[in-house]
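For reference, the structure discussed in these notes is given below.
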Amino acid sequence: MSNGFDDIPFFDEEPAPRKPAASPAPAPSAPAGGGLGIAARAMAARDQARAPDYLSGLNPEQREAVETVDGPVLVLAGAGTGKTRVLTTRIAHILATNRAYPSQILAVTFTNKAAREMKERVGHLVGGAVEGMPWMGTFHSIGVKLLRRHAELVGLTSAFTILDTDDVVRLIKQIIQAEGLDDKRWPAKQFAQMIDGWKNKGLDAAQIPEGDARAFANGKGRELYAAYQARLKTLNACDFGDLLLHPIRMFKANPDVLKEYHQRFKYVLVDEYQDTNTAQYMWLRLLAQRPPGVPQNVCCVGDDDQSIYGWRGAEVDNILRFEKDFPGAKVIKLERNYRSTEHILGAAGFLIAHNEGRLGKTLFTDRVDPNDDKVVVHAAWDSEEEARAVGEEIEQLQRNQHPLNNMAILVRASFQMREFEDRFVTLGLNYRVIGGPRFYERLEIRDAMAYFRMVCQPADDLAFERIVNTPKRGLGDTTIRNLHDYARARDIPMLAAATDIIETDELKPKARKALFDVVTDFRRWQSLLENTPHTELAEQILDESGYTAMWQNDKSAEAPGRLENLKELIRSMEAFESLRSFLEHVSLVMDAETNENLDAVSIMTLHSAKGLEFETVFLPGWEEGLFPHQRALDEGGRSGLEEERRLAYVGITRAKRRCHIWFVSNRRIHGLWQSTLPSRFLEELPPAHVEVAESETSYGGYGRNPYGQSRFDKQEPFQNSYSTPGWKRAQANKTDATRDNWGNRSGHSVERIGYGESGPRAKTIEGELVAKSTSNEPSRFSVGDRVFHMKFGNGNVSSIEGNKLTIDFDRAGQKRVLDGFVEKA
DNA sequence: GGGGTACTCGTTTTT
DNA sequence: CGAGTACCCC
């Protein structure tokens with residue numbers, strides 16, 4: 001796809017007044033407010049010692065990444081190499097050397113958790129809380145901040161509402177119905193995802209590809225998208241995508257505003273750069289690029305090997321093309337790992353080397369201990385036995401004084417969790433599930449929030465529709481539809497329509513009375529908004545509306561929990577100054593907190609494990625079809641497989657000391673039992689760092705595998721296993737990436753899985769960077785060496801290109817192979 | 001408006 | 001198989 005960035009206005013027209021970006025004197029444009037305290041403290045910290053404290057303990061690469069503050073920098077930080085430390089120290093360094101005020105640093109993360117952590121750690125380094133860093137946050141929260149200031153430039157008012165996915169789906173459903181379409185044939189949820197995808201790519205209705213537009217509702221895709229945007233505008237609302245797109249539009253259309261921010265942001269930092277999508281990339285480029293001659297003090301930190309969000313729009317290309325976007329960029333690799341044993345790193349490194357499109361890093365550690373466990377692969381008969389055996393392993397560790405908090409089970413898909421939960425409940429083993437529905441996604445929280453939204457923003461129709469009949473007030477579908485039509489016909493919000501309609505004879509007396517009560521309630525609450533403490537008002541709203549009573553009268557099992565959640569909602573409100581600021585916080589930031597005091601095993605998906613670490617990690621479900629997931633293969637082709645492999649890499653690298661991988665022979669899928677084959681990823685682990693566990697239970701896999709032997713059935717593991725069914729089936733489905741470890745462009749034609757129109761991404765760029773990043777490192781092989789390859793057998797090295805060897809194999813002929821796959825014979 | 005039944009669908013998830 | 005939804009009938 002031609003990247004739609006070329007229309008981003010650049011700075012050619014600007015005279016490039018060389019602002020002293022790195023000047024020691026802070027620019028006078030720094031806004032007042034809190035920042036000075038930190039700067040002052042930072043300076044004090046600096047003055048205390050010549051070589052500042054915060055720099056000691058960094059390794060040379062980390063230190064370089066911290067101290068290279070002028071000009072663009074890309075830090076390729078492998079798992080466990082101290083990425084966050086570099087980012088936070090870099091900020092501290094900028095502050096301590098007086099290069100900028102805290103308010104002149106733009107620091108972007110993906111999650112609120114990461115932002116929070118970063119604030120905390122910078123605060124710790126500089127001494128004290130970081131109140132003066134107003135521009136540290138997620139893409140979305142910074143987007144909101146920008147939009148609230150300049151809402152009118154994109155046709156909103158600064159009081160706009162932020163809709164969550166649920167609101168969006170309901171809204172789209174209304175639009176689909178309004179178009180006279182069958183909302184069952186064309187599910188709103190699906191269209192919401194399509195819109196999300198377009199917005200991730202930075203496309204508005206006019207820009208979406210014709211094919212996409214046709215793909216939905218008999219070619220009405222574009223029309224519906226436009227209608228949706230129009231509706232958002234009348235509602236004065238944004239979806240999550242708009243929080244990025246509106247600022248982009250605004251900056252493009254108002255270069256003077258953009259310039260203002262260029263002057264403000266002297267330093268730009270981005271975390272997890274490999275996860276940025278196209279819209280975020282455009283946003284960043286607008287803010288970070290400077291006219292020629294002006295230093296672009298942008299620092300992106302990321303790891304292409306941990307890019308696991310391609311399916312939701314992340315573009316690894318962004319990290320791969322950094323040097324093109326920011327000419328003269330310095331690229332710093334962090335490869336010294338402080339987290340894991342050499343076996344864990346060896347296993348992970350060997351696995352990930354099977355990927356083609358990477359910048360090429362190899363993690364290493366000095367911490368070598370002969371007592372370290374190898375990565376252990378276990379077989380089980382079925383998922384029940386898998387859960388039982390993992391449970392036993394955990395209890396064993398527990399008996400040896402290992403806290404449960406140091407253990408995690410990382411699954412590919414959340415349905416796998418259930419089996420473990422069931423087992424742990426019977427064992428009485430504490431566990432916590434990470435992920436799941438967030439606090440603010442819960443029904444009762446969303447209902448309560450809808451009430452609050454209505455009070456703060458009477459025009460919020462979605463909120464109105466949500467709670468107008470909750471609790472039940474006898475306002476059924478007919479009444480609502482009536483009201484809806486009335487409002488639409490006059491182009492007024494529904495609450496206003498309700499106010500009008502109760503003066504007419506349009507409704508039946510019963511409905512009229514009920515609606516009258518609702519309108520009166522809201523009027524009263526609105527009048528209290530300014531002068532009543534917001535927590536008090538919130539409680540009052542929930543009580544007087546009958547919402548609390550509704551749950552008190554509910555005798556279902558969840559009702560008490562819901563009431564508890566409502567209390568929690570009110571409690572958490574205390575930290576905010578107004579109902580309004582609280583609303584914003586909840587829509588963007590609020591998440592359920594975990595009970596840190598409980599010692600428990602964590603259960604989560606591999607995706608949510610990114611960024612975490614545990615002494616012991618269990619990785620169940622390594623079977624073809626589940627991991628790599630069949631759908632990733634079907635829809636993503638080779639790049640889909642590579643993303644799955646990165647996910648496996650993320651999983652293994654979460655482990656500090658012990659990593660146990662499991663696969664089963666039988667798993668229930670869609671209700672019926674299916675025989676499964678070991679994941680191809682198992683075959684991609686290096687024998688030197690992996691051992692295969694003996695059967696530890698009566699149901700153990702040995703001799704029971706209906707597929708005959710695989711290398712995992714044998715006492716002597718890792719013999720050549722390429723005749724196993726797993727391999728054969730993998731062959732049948734395979735892309736060239738795993739086929740011979742290096743794309744084998746000269747080799748046979750290979751059946752491709754669902755390549756589709758998307759095809760492999762940016763091959764040239766990837767290829768170029770791979771070559772570049774490895775060309776200056778001397779190979780450990782020389783031409784003429786006799787080598788052995790797991791699949792091709794013995795051969796002689798005929799030429800070397802970086803880490804890629806051309807080898808004449810005795811039997812298999814000439815192949816190109818990554819040097820990680822051969823050893824000296 | 002509630003309750004019961006029929007039907008669909010089945011990776012990963014942040015904001 | 002089983003959760004979630006949609007729809008229908010009382």
Side-chain angles (χ1 to χ4, degrees), chain A residues 108-115 137-144 162-169 173 182-185 187-190 193 196-197 199-200 238-245 271-272 275-277 279-280 283 307-314 410-418 434-438 440-441 443 469-480 510-511 514 554 584-591 604-611 621 625-636 640 643-644 646-648 650-651 667-674:
Chain A
V108 200
T109 63
F110 271 83
T111 63
N112 294 302
K113 197 178 156 209
T138 62
F139 279 101
H140 296 267
S141 64
I142 292 170
V144 173
I162 301 161
L163 304 185
D164 63 32
T165 19
D166 209 71
D167 293 323
V168 168
V169 171
K173 190 167 181 176
D182 179 3
D183 66 302
K184 280 168 71 181
R185 182 131 179 253
K189 215 171 163 185
Q190 194 191 326
Q193 280 167 7
D196 200 50
K199 291 194 172 180
N200 283 160
C238 281
D239 62 18
F240 284 122
D242 287 341
L243 298 180
L244 288 167
L245 289 191
D271 192 15
E272 304 281 15
D275 287 339
T276 47
N277 62 35
Q280 286 157 340
W283 188 95
S307 161
I308 54 174
Y309 287 109
W311 53 272
R312 69 176 196 210
L410 312 181
V411 298
R412 175 62 182 85
S414 42
F415 75 83
Q416 294 174 261
M417 293 181 181
R418 196 178 156 167
I434 314 255
R438 265 149 244 318
Y440 61 81
E441 280 168 2
L443 178 82
N469 199 32
T470 309
K472 303 280 181 268
R473 303 185 169 97
L475 294 165
D477 283 350
T478 338
T479 316
I480 304 298
K510 211 176 138 197
D554 190 312
E584 182 133 315
H585 173 79
V586 172
S587 59
L588 283 176
V589 179
M590 197 147 147
D591 40 24
M604 69 189 94
T605 63
L606 286 161
H607 282 94
S608 36
K610 193 167 75 154
L626 177 58
F627 193 33
H629 199 280
Q630 194 56 50
R631 256 176 96 163
L633 263 30
D634 292 344
E635 287 162 24
E643 183 154 309
E644 294 289 288
R646 291 193 289 269
L647 203 45
V650 167
R667 193 175 284 281
R668 214 164 58 180
I669 298 163
H670 302 338
L672 25 114
W673 285 96
Q674 309 224 302

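In the text below, chain A, chain B and the rest are named by the order of the sequence lines, each starting its count at 1. Source: prediction; values computed, not measured. Just the heavy atoms: all of them, side chains too, but no hydrogens, waters or symmetry mates, feed the values below.
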Please tell me if [X] has a side-chain N or O lying less than 4.0 Å from either OP1 or OP2 of [N].
X        : N      : result
A:Asn112 : B:dT14 : no
A:Thr605 : B:dT13 : yes
A:Arg631 : B:dT11 : yes
A:Arg473 : B:dG1  : no

Residue pair A:Trp283 / A:Thr276, side-chain heavy-atom distance below 4.5 Å = no
ask   = Taking the six-membered ring where the residue is Trp, are the ring centres of A:Trp311 and A:His607 under 6.0 Å apart?
value = yes
Do [X] side-chain atoms and [Y] backbone N/O form a donor-acceptor pair below 3.5 Å?
X        : Y        : answer
A:Arg646 : A:Ser307 : yes
A:Glu644 : A:His629 : yes
A:Asp242 : A:Leu245 : no

ask   = The side chain of A:His670 lies closest to which of these nucleotides: B:dT11, B:dT13, C:dG2?
value = B:dT11
remark   = Quick note, A:Thr165 side chain, CB onward, closest among B:dT15, B:dT11, C:dA3 is B:dT15
Separation of [X] atom [atom1] from [N] atom [atom2], in whole Å?
X        : N      : atom1 : atom2 : value
A:Asn200 : B:dT14 : CG    : P     : 14 Å
A:Arg312 : B:dT13 : CZ    : C1'   : 5 Å
A:Leu633 : B:dT11 : CG    : P     : 14 Å
A:His585 : B:dT15 : NE2   : C1'   : 13 Å
A:Gln193 : B:dT12 : CD    : C1'   : 12 Å
A:His629 : B:dT11 : NE2   : P     : 5 Å
A:Gln190 : B:dC9  : CD    : C1'   : 13 Å
A:Phe415 : B:dT12 : CZ    : P     : 8 Å

message = Check for me: is A:Trp311 stacked on B:dT12 by the 5.5 Å centroid and 30° plane-angle rule?
response = yes
query = Can you tell me how far C1' in B:dT12 sits from the matching atom in C:dT5, rounded to whole Å?
reply = 23 Å
Between B:dT11 and C:dG4 - P atom distance, rounded Å = 15 Å
query = Checking side chain to side chain donor-acceptor pair (under 3.5 Å) against A:Asp275, which of A:Arg312, A:Gln280, A:Lys610 comes through?
reply = A:Lys610
request  = Tell me which of A:Ser608 and A:Lys472 sits closer to the 5' end of DNA chain B, going by the nucleotide each one is nearest to.
outcome  = A:Lys472
task = Could you check A:Leu475 against A:Thr111 and say which one's nearest nucleotide on DNA chain B is further toward the 5' end?
result = A:Leu475
query = Checking all strands, does A:Gly474 fall into the base, sugar-phosphate, or nothing category for heavy-atom contacts under 4.0 angstrom?
reply = sugar-phosphate
remark   = The contact string for nucleotides 4-10 of chain C, one letter per nucleotide 5' to 3', using protein heavy atoms under 4.0 Å with B, S and - for base, sugar-phosphate only and none, comes out as --SS---
